[in-house]
2 protein chains.
Amino acid sequence: MSFKEMDIENAYRILAPRPTIIVTTINKNGEINAAPFSFTMPVSMDPPLISFASVPSHHTYKNIMETEEFVVNIPGANILEQLWITGEKFPPGVNEIEKANLTQTDSLKVTPPKIKECVAAIECKVHWIKKAGDHDIIVGEVLHVGIKDNILKEGLLDVEKVKPVLHLGGVNFVIGDHLKKVGE
Amino acid sequence: MSFKEMDIENAYRILAPRPTIIVTTINKNGEINAAPFSFTMPVSMDPPLISFASVPSHHTYKNIMETEEFVVNIPGANILEQLWITGEKFPPGVNEIEKANLTQTDSLKVTPPKIKECVAAIECKVHWIKKAGDHDIIVGEVLHVGIKDNILKEGLLDVEKVKPVLHLGGVNFVIGDHLKKVGE
């Protein structure tokens, strides 16, 4: 079967489904923000670095420019509806964690809080930020990783238990719970 | 439930499962390479940019440094075993597409070929490359997107049909075929 052409602007729709994260940040006035992102990937093991892409107009981006810290919270399928609420447009200074009826809890190495209902929280400080088209790529150095009990299986995410939230586009998510090992 | 500490070097294991791509490249001598990656994310809509992370010692990276072009091929679950073969260590100059019994077909805007058995192919030229720890982030500008018939549903990847390959770690993949819409 041959290929047919698709609009290049929609390339992101086929690089999917993508792990969805909730990024928590704080500005210099101590106001907390939370928002979901799915343009995200690990980058390096040594030093441990992870990244995500944000538009510069986003409160998350502005807070990171001010305080250079953020927490990448990993949600399970059980909080998909709340995750969606953190992505709604609120005025600056509104705490989306509260709006979504989620619970914030202190981080250990950075000032932005983590979200208690998430299965894991990766505390980061900025490694570098670089413009790439209409987004900026934010690379964070991992300072601490907190995980809930029993979310790992043989050292990897237990996807059948956690049911990670994968973003397809718009309101569409995939709850990936099927596991296949190569060669079996 | 409270969080417990996890080694920071393993942060990448919980930012998962991740879309898996096969990147095809060519060096200045015309030798073709193919290899799987799962540290990948879209970056920008206008201009359309996508990215992935590679160690600098990788043939893919070296070829891109020479010719500044690459193709991001999107596999479906039906070629998971062949995908795995393209990730094996072969000497420089070996064409992993042939080794995996896959078929190469000409791209339209770049020199590296695309893989006929994949559901989509995103042809890119380098936008920028920047070191980030033990990997480099490679950002590519999308020049052409080719897709197979019927892989989209309402403009998004039809995951129930395509069954995209998601990487969990090592030999472990998730074949995500469950779709959930927010609010339903």
Side-chain angles (χ1 to χ4, degrees), chain A residues 1 3-6 8-9 11-19 39-50 53 74 80-81 84 120-122 127 130 132-135 137 139 142 144-149 156-157 159 164 166 168-169 171-182, chain B residues 1 3-6 8-9 11-19 39-50 53 74 80-81 84 120-122 127 130 132-135 137 139 142 145-149 155-157 159 164 166 168-169 171-182:
Chain A
M1 199 196 301
F3 292 92
K4 62 177 185 178
E5 192 167 354
M6 178 189 184
I8 57 174
E9 292 76 15
Y12 73 97
R13 295 191 178 186
I14 55 174
L15 196 50
R18 300 173 296 270
F39 289 6
T40 183
M41 66 177 181
V43 175
S44 169
M45 262 66 86
D46 182 21
L49 304 175
I50 62 175
I74 309 287
L80 177 59
E81 300 292 332
W84 189 253
I122 308 173
H127 184 70
K130 185 169 168 62
D134 55 25
H135 283 56
I137 293 180
V139 176
V142 178
H144 185 272
V145 182
I147 59 171
K148 293 289 178 64
D149 265 341
L156 300 172
L157 195 66
V159 292
L166 302 169
L168 196 52
V171 298
N172 302 285
F173 292 84
V174 175
I175 307 303
D177 57 0
H178 282 210
L179 181 65
K180 180 173 164 55
K181 289 194 189 201
V182 169
Chain B
M1 198 196 303
F3 292 91
K4 63 176 184 177
E5 192 167 352
M6 178 188 184
I8 57 175
E9 291 75 14
Y12 74 97
R13 294 190 179 187
I14 55 174
L15 194 52
R18 299 174 297 272
F39 290 6
T40 183
M41 66 177 181
V43 175
S44 169
M45 259 69 83
D46 181 21
L49 304 175
I50 63 176
I74 310 288
L80 177 58
E81 300 292 332
W84 189 253
I122 308 173
H127 186 68
K130 185 170 167 62
D134 56 25
H135 283 56
I137 294 180
V139 176
V142 178
V145 182
I147 60 172
K148 295 286 178 68
D149 265 341
L156 300 171
L157 195 65
V159 292
L166 301 169
L168 197 51
V171 297
N172 301 284
F173 292 84
V174 176
I175 307 304
D177 56 0
H178 281 212
L179 182 66
K180 180 173 162 57
K181 290 195 186 197
V182 169

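Below, chain A is the first sequence line, B the second, and so on; all start at residue 1. Excluded from the calculations below are hydrogen atoms, water molecules and symmetry mates; all remaining heavy atoms, backbone and side chain alike, are included.
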Heavy-atom check, side chain of B:Lys4 versus side chain of A:Asp149, under 4.5 Å
yes

Under a 4.5 Å heavy-atom cut-off, does chain A meet the side chain of B:Leu15, its backbone, both or neither?
both

Do B:Glu5 and A:His144 have side-chain heavy atoms sitting under 4.5 Å apart?
yes

Bottom line for B:Val142: the part with an atom under 4.5 Å from chain A's heavy atoms is both

Side-chain donor or acceptor of A:His135 paired with backbone N/O of B:Ser44 under 3.5 Å
no

Heavy-atom pair of closest approach, residues A:Ala120 and B:Ile14
CB-CD1, 3.5 Å

Answer with side chain, backbone, both or neither: which region of B:Ile147 has an atom nearer than 4.5 Å to a non-hydrogen atom of chain A?
both

Which atoms of B:Ile137 are under 4.5 Å from chain A, going by heavy atoms: the side chain, the backbone, both sets, or neither?
side chain

Minimal non-hydrogen separation, A:Pro42 against B:Tyr12, with atom names:
CB-CB, 3.5 Å

B:Pro164 versus A:Pro17: any side-chain heavy-atom pair under 4.5 Å?
yes

Against chain B, work out which of A:Ala121, A:Ala53, A:Pro19 has the most heavy-atom pairs shorter than 4.5 Å and name it.
A:Pro19

Shortest non-hydrogen separation from A:Leu49 to B:Ala132 and the atoms involved
CD1-C, 3.3 Å

Using every non-hydrogen atom in the two residues, find where B:Pro47 and A:Gly133 come nearest and quote the distance to one decimal.
CD-CA, 3.7 Å

Check whether any side-chain heavy atom of B:Asp46 sits under 4.5 Å from a side-chain heavy atom of A:Glu9, and report yes or no.
no

With no hydrogens and no angle check, is any side-chain donor or acceptor of A:Arg18 less than 3.5 Å from a backbone partner on B:Arg18?
no

Can you name the closest pair of heavy atoms from A:Leu156 and B:Gly169 and give their distance?
CD1-O, 3.6 Å

Value rounded to 0.5 Å, distance of CE in B:Met6 from NZ in A:Lys148
15.0 Å

Would you mind checking which part of B:Ile50 comes under 4.5 Å of any heavy atom in chain A, side chain (CB onward), backbone (N, CA, C, O), both or neither?
side chain

